[in-house]
Amino acid sequence: MIVCGALGRIGQELIRLIDESDDLTLAAAVDRAGGEGIVQRLSDYQGEADVLVDFSHHAAIWEIMDYCEARGIPAVIATTGHNPEEAARITEATTRIPVFHSANMSVGVALLARLVQQAAAIFRGCDVEIIEKHHNRKIDAPSGTALLLAEAVKKERPDSVYVHGRVGNAKREPNEIGIHALRMGSVVGEHEVIFSTDSQTITLSHSAHDRSLFAEGAIAAANFILDKPIGLYRMEQLLGE
Ligand SMILES: NC(=O)c1ccc[n+]([C@@H]2O[C@H](COP(=O)([O-])OP(=O)(O)OC[C@H]3O[C@@H](n4cnc5c(N)ncnc54)[C@H](OP(=O)(O)O)[C@@H]3O)[C@@H](O)[C@H]2O)c1
């Protein structure tokens, strides 16, 4: 397995799990800072690899997709915050190699997204608000997971409009999904989706206690796409099997 973002918070967890595992081998640890045992540029590694896992930075996607396509290596893209051009590059790659793409590698969040979609289908007219909390070093806001959950609502309510925070004269419209990003301390990741009518409120939530959860999910995703045909794979498919 090639790990991109190897010196990062999740990359380190991933390498720890690979070291502890009997059936996984680290092919290359890639991070732009370089250092002992670290490959600074992905293209510098031309040794064997069955799969690449990315927990680096959204801007690295060009180099990663070019590399995986050129070598026919399946990719697990766990990095978040891709702009529309970067997201389109991922979509393009899914026509050439197997790509597993998920803003949240946690099976629990995949389940939460299913429950959110069900709730949105049952409580059609209610107000939906999403609150996400993360550590104060997180780059992108709102989190990719908050957007994933908003998309789960939008599947049932296609006219939904995302409103990021509210300030000033900001009276709520019925089709709004309010999305609020809190950044503080060392919070690993918390997401709450609130469904509120005039008479009741339902809150569905998920808390990540430990970052290893994402690394474990990425390993499951890597095993899942190893022998898959070219295409796009998501957590839902992994859950389904
Ligand atoms: N899908 C999921 O379940 C999930 C879960 C958690 C996090 N994430 C996402 O995964 C990414 C990494 O998260 P993290 O908390 O581990 O971040 P992090 O601690 O900042 O780690 C990212 C690492 O990647 C390095 N890097 C930056 N640009 C690079 C490039 N072009 N090539 C190679 N390495 C590069 C960074 O180096 P510098 O320090 O020099 O910038 C850093 O060492 C973020 O996008 C985060 O949102 C996804």
Side-chain angles (χ1 to χ4, degrees), residues 1-18 26-45 52-68 75-83 86-87 89-90 99-113 132-149 151 181-191 206-222 224-225 232-239:
M1 186 183 291
I2 299 174
V3 176
C4 286
L7 294 173
R9 282 177 288 268
I10 315 289
Q12 290 283 289
E13 279 297 330
L14 194 49
I15 287 171
R16 187 181 61 77
L17 292 179
I18 294 170
L26 181 67
V30 184
D31 202 292
R32 63 178 178 177
E36 203 183 324
I38 303 289
V39 177
Q40 205 163 9
R41 293 180 59 88
L42 185 53
S43 55
D44 291 342
Y45 180 74
L52 176 148
V53 177
D54 170 36
F55 276 104
S56 63
H57 187 275
H58 59 87
I61 199 68
W62 304 97
E63 191 185 359
I64 290 170
M65 298 283 68
D66 288 353
Y67 180 87
C68 288
V76 175
I77 305 300
T79 297
T80 63
H82 297 104
N83 64 33
E86 292 162 350
R89 181 67 187 88
I90 297 173
V99 177
F100 192 107
H101 186 206
S102 177
N104 196 305
M105 288 289 161
S106 142
V107 173
V109 165
L111 173 62
L112 176 66
E132 58 100 335
K133 303 171 192 167
H134 280 89
H135 54 85
N136 55 22
R137 284 138 357 252
K138 184 163 177 63
I139 296 172
D140 50 320
S143 67
T145 305
L147 293 172
L148 177 155
L149 294 169
E151 278 162 29
L182 280 59
R183 293 291 173 265
M184 55 209 193
S186 58
V187 177
V188 175
E190 295 184 11
H191 292 85
H206 178 270
S207 297
H209 298 160
D210 190 296
R211 287 180 220 296
S212 59
L213 147 108
F214 304 120
E216 284 164 9
I219 288 174
F224 179 78
I225 58 161
L232 172 66
Y233 299 90
R234 294 197 178 276
M235 215 60 201
E236 276 172 20
Q237 281 133 297
L238 196 150
L239 266 192

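Whatever order the structure lists them in is the order used to number ligands and atoms, beginning at 1. Since the structure is predicted, the reported quantities are computational estimates derived from the model, not experimental observations.
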**OP:** For Ala28, check side-chain contact (heavy atoms from CB on, under 4.5 Å) against everything at least two apart and list the hits.
**Re:** Ile2, Val30, Val39, Tyr45
Subject >> Under the side-chain contact (heavy atoms from CB on, under 4.5 Å) test, residues paired with Glu13 that sit two or more places apart >> reply: Arg16, Arg211, Ser212, Ala215
Original post:
What does the list of residues with a heavy atom under 4.0 Å from ligand 1 look like, ordered by chain and number?
Top reply: Gly5, Leu7, Gly8, Arg9, Ile10, Asp31, Arg32, Phe55, Ser56, His57, Ala60, Ala78, Thr79, Thr80, Ser102, Ala103, Asn104, Met105, Lys138, Asp140, Phe214
Original post:
Taking atom NE2 of His134 and atom NE2 of His191, what is their separation to the nearest 0.5 Å?
Top reply: 4.5 Å
Original post:
Any idea which heavy atoms bring Thr80 and His58 closest together, and the distance?
Top reply: O-CB, 3.5 Å
Original post:
CZ of Arg183: more than 12 outside heavy atoms within 6.0 angstrom?
Top reply: yes
Sequence neighbours excluded and cut-off under 3.5 Å, please list the side-chain donor-acceptor pairs for residues 99-106, or say none.
{"residue": "Ser102", "atom": "OG", "partner": "Asn104", "partner atom": "N", "Å": "3.1"}
{"residue": "Ser102", "atom": "OG", "partner": "Asn104", "partner atom": "O", "Å": "2.6"}
{"residue": "Asn104", "atom": "OD1", "partner": "Ser106", "partner atom": "N", "Å": "2.8"}
{"residue": "Asn104", "atom": "ND2", "partner": "Thr145", "partner atom": "OG1", "Å": "2.9"}
{"residue": "Ser106", "atom": "OG", "partner": "Gly108", "partner atom": "N", "Å": "3.1"}
{"residue": "Ser106", "atom": "OG", "partner": "Val109", "partner atom": "N", "Å": "3.0"}

